[in-house]
Amino acid sequence: MEEQILKFLKEAYSIGCYKVDTVTNEIYRCLAKEGTLFVRITNYKTYHEQLEEVSWTNFLCHQGVGASEAVHSSNHQYIEKIMLDEEKLAVVYKAAAGIHLPRAEWNKSVLKKVGKQIGKMHRVTQSYLESTAHLKDWYENKEYDFLTHIPKEETAIREMADRLLTEIKGLPKNNSNYGLIHGDLWLENILVDGSEITMIDFQDCEKHFNIFDLAVPIYSAMEFSFSGGGNIKDYRQSITEVLLDGYREEHDLSTEMVDTLPLFLKLKQLFEYNLMHMYWNHEQLSEEQVRILNLYRMRIEYDHFL
C-alpha cells in the first residue's frame, strides 16, 4: 500500500516523497523534501462532493481561516484517482501546524480562540460564491435518518427524534445563521499552535445551522476534557460562554439562536446514537459497546445531556 502511494505521489504530483505512514484507514502521512503532507484516500463521498469541499476549504485558507489546505496535482487538479484495492479518490494536504492538545490543556483561553475561528469561518463563508450544489443539507444525509436505524421497539426515543427533527427543520433560516459548516468539530479535529487554531478533516461538511458547529465542540469537551473536581453543569456553562464570546468577536449570533443550543446538543447526541445502530454489528456487540448503547439510551430516554 505505502509503495503504491509513494509511486502515485511521484507520478501524479511530482512530489519527492520518501516515506509513507498509515495514520488511519483513509489518511496517510507523507514525508517529502517539500515538507510533511497528508493524503486522504476514500470513496466516502463522490468526486463532485469532494471537489466542492476542497474548493471551499481552500477558499477559507486564502481568507485567513485556520483550515487544512489542499495542493493541486501536476495536472492542476485537487482530486485525483488512485488504484489500490479498488479505484478511489485522493486529496493531498499540506500538514497543518499545531498539535492535538492533551485533556488538561483545553482551557477557557483556548476554547475562546476556537469559538473565534469558527465565527470567522462562518462569516467569510457568507461571501463564498462557488458552487455547492453537490453538498447536502444536513437532513439529507443518512446519518440523520434516525427512524430508519433506531429500533422500532425504542418508541420513546423514536418519538423524541421525530419531534426534534421537525422542530429543527422548522427553525427560520437566513444567510447569517445557516450555510456551509464543518459539521464534525470534535476537539480531535482541532490543532493548536500557540495562539493559532486550525480545523482539520472537513469530510463531513454540510449545509446546516451554524450553531451546530458550536454544539459539537461543547459536546466533545463534555466527554473529553472535563476532569472532575467541580459541577459538570457549571463546566458546560463556562465552556459554552467562552465559545460564544469568541464566536461573537467574528460573527453575529442572535439570542434566538443561542436559545436553540439545547436542541442541537440533543441532535448531536441522537446522531451519535444513530451511528452506533448504523455501523456496529448488533449480532456481535462487545461488552463495551453494550455498555455505551445502554448509557446513551438511558440519557436520551431520560432527556439528560451527559
For the ring pair H149 and H277, is the centre-to-centre distance below 6.0 Å? no
Quick one: side chains of residues 11-23, donor-acceptor pairs under 3.5 Å with protein atoms, not counting sequence neighbours, listed by atom name and distance.
| unit_1 | atom_1 | unit_2 | atom_2 | d |
| --- | --- | --- | --- | --- |
| S14 | OG | S74 | OG | 3.0 |
| T22 | OG1 | E2 | OE2 | 3.0 |

Please check if any side-chain donor atom of E52 sits under 3.5 Å from a side-chain acceptor atom of T132, or the reverse. no
Output for pair (I79 CD1, Y47 OH), nearest 0.5 Å, gives 6.5 Å
Heavy-atom side-chain proximity of T260 to I211 below 4.5 angstrom: yes
Under 3.5 Å: donor-acceptor pair, side chain of R103, backbone of F224: yes
Does anything in residues 192-206 pair up under salt bridge (Lys or Arg N to Asp or Glu O under 4.0 Å), and if so which pairs, sequence neighbours excluded? none
For salt bridge (charged side-chain N to carboxylate O under 4.0 Å, His left out), just list the numbers for R40 and E53, CA-CA rounded to whole Å, side-chain angles, deciding distance to a tenth of an Å, and then say yes or no. CA-CA 13 Å; R40 185 182 76 194; E53 170 211 334; 2.8 Å; yes
Find out whether L31 and T36 are in side-chain contact, i.e. whether some heavy atom of one side chain is under 4.5 Å from a heavy atom of the other. yes
Before accepting this row, confirm whether a basic side-chain N of the pair K116/E250 lies closer than 4.0 Å to the acidic partner's carboxylate O. yes
Quick test of your reading of the model: are E272 and K268 salt-bridged, counting only N-O distances below 4.0 Å? yes
For V216 and W186, run side-chain contact (heavy atoms from CB on, under 4.5 Å): C-alpha distance rounded to whole Å, both residues' side-chain angles, the deciding distance at 0.1 Å, then the answer. CA-CA 6 Å; V216 176; W186 290 87; 4.3 Å; yes
I'd like to check F146 versus L267 (side-chain heavy atoms, cut-off strictly below 4.5 Å). Are they in contact? yes
Quick check: do Y296 and I292 have side-chain heavy atoms less than 4.5 Å from each other? yes
Should L37 and V54 be counted in the same cluster of Ile, Leu, Val, Met, Phe, Trp and Tyr side chains packed under 4.5 Å apart? no
To the nearest 0.5 Å, what is the distance between SG on C30 and OH on Y93? 13.0 Å
Minimal non-hydrogen separation, N177 against M257, with atom names: ND2-SD, 3.8 Å
H182 versus W56, closest heavy-atom pair with distance: N-CH2, 4.0 Å
Closer than 3.5 angstrom, by distance alone: can the side chain of H62 be matched with the main-chain N or O of N58 as a donor-acceptor pair? yes
With no hydrogens and no angle check, is any side-chain donor or acceptor of N231 less than 3.5 Å from a backbone partner on K233? yes
Spacing of L165 atom CG and L147 atom CG [to the nearest 0.5 Å]: 7.0 Å
Electrostatic pair E249:K120 at N-O distance under 4.0 angstrom: no
So do L84 and Q4 actually touch side chain to side chain, heavy atoms under 4.5 Å? yes
Find the distance between CG (L180) and CG (L60) and round it off to the nearest 0.5 Å. 8.5 Å
Angle class for the Y144/W138 ring planes (parallel below 30°, perpendicular above 60°, tilted otherwise)? perpendicular
Residues that K45 engages under salt bridge (Lys or Arg N to Asp or Glu O under 4.0 Å), provided they are two or more places apart: none
Same apolar cluster: I27 and I190, side chain cutoff 4.5 Å: no
Looking at L270 and I157, what are the two nearest heavy atoms and their distance? CD2-CG2, 3.9 Å
Could you check if a side-chain atom of C205 sits within less than 4.5 angstrom of a side-chain atom of L135, using non-hydrogen atoms only? yes
With side-chain hydrogen bond (donor to acceptor under 3.5 Å, both in side chains) as the test, would you mind laying out the steps for Y139 and H208 before giving the verdict? CA-CA 8 Å; Y139 51 82; H208 207 328; over 6 Å; no
Determine the minimum heavy-atom distance between I118 and D213, stating which atoms define it. CD1-O, 3.5 Å
N141 side chain to E143 backbone, donor-acceptor under 3.5 Å: no
The test is side-chain contact (heavy atoms from CB on, under 4.5 Å); show your working for L164 and L263 and say whether it passes. CA-CA 7 Å; L164 183 66; L263 298 179; 3.9 Å; yes
Under a 4.5 Å cut-off applied to non-hydrogen side-chain atoms, are Q289 and M276 in contact? no
For F264 and A215, work out which heavy atoms get closest and say how close. CB-CB, 3.9 Å
Salt bridge (Lys or Arg N to Asp or Glu O under 4.0 Å) partners of R158, counting only residues at least two apart: none
Just how far is it from atom OH of Y78 to atom OG of S73, taken to the nearest 0.5 Å? 9.5 Å
For the side chain of D184 and the backbone of F202, is there at least one donor-acceptor N/O pair under 3.5 Å apart? no
Is Y44 reachable from I200 through a run of hydrophobic residues whose side-chain heavy atoms are each under 4.5 Å from the next? no
Decide whether F38 and L89 are clustered together by the hydrophobic rule: side chain heavy atoms of Ile, Leu, Val, Met, Phe, Trp, Tyr closer than 4.5 Å, transitively. no
Please assess Y273 against L293 for the test side-chain contact (heavy atoms from CB on, under 4.5 Å), listing each intermediate value before the final yes or no. CA-CA 7 Å; Y273 188 60; L293 271 170; 3.7 Å; yes
Can you find a pair of side-chain heavy atoms, one from Q63 and one from M121, that are under 4.5 Å apart? no
Between Q237 and T240, does the side-chain hydrogen bond (donor to acceptor under 3.5 Å, both in side chains) criterion hold? Intermediate values first, please. CA-CA 5 Å; Q237 183 63 29; T240 299; 5.7 Å; no
Before you tell me yes or no, could you show the steps for L253 and V258 under side-chain contact (heavy atoms from CB on, under 4.5 Å), namely the whole-Å CA-CA distance, both residues' side-chain angles and the distance that decides it to 0.1 Å? CA-CA 7 Å; L253 186 62; V258 172; 3.7 Å; yes
N174 side-chain N/O to S176 backbone N/O, donor-acceptor pair under 3.5 Å: yes
Only pairs at least two apart or in different chains count here, so list each salt bridge (Lys or Arg N to Asp or Glu O under 4.0 Å) that has a residue in residues 67-94. E69-K94, D85-K88
Strictly distance-based, threshold 3.5 Å: is any side-chain N or O of E154 a donor or acceptor partner for the main-chain N or O of P151? no
Rounding to 0.5 Å, atoms CG (N175) and CG (D252) come to a distance of 11.0 Å
I'd like to know if L101 and Y219 are part of one continuous hydrophobic network [Ile/Leu/Val/Met/Phe/Trp/Tyr, side-chain heavy atoms within less than 4.5 Å]. yes
Of the non-hydrogen atoms in Y178 and K207, which two are nearest, and what is the gap between them? OH-O, 3.3 Å
Check salt bridge (Lys or Arg N to Asp or Glu O under 4.0 Å) between E153 and all other residues, then give those that pass, not counting sequence neighbours. none
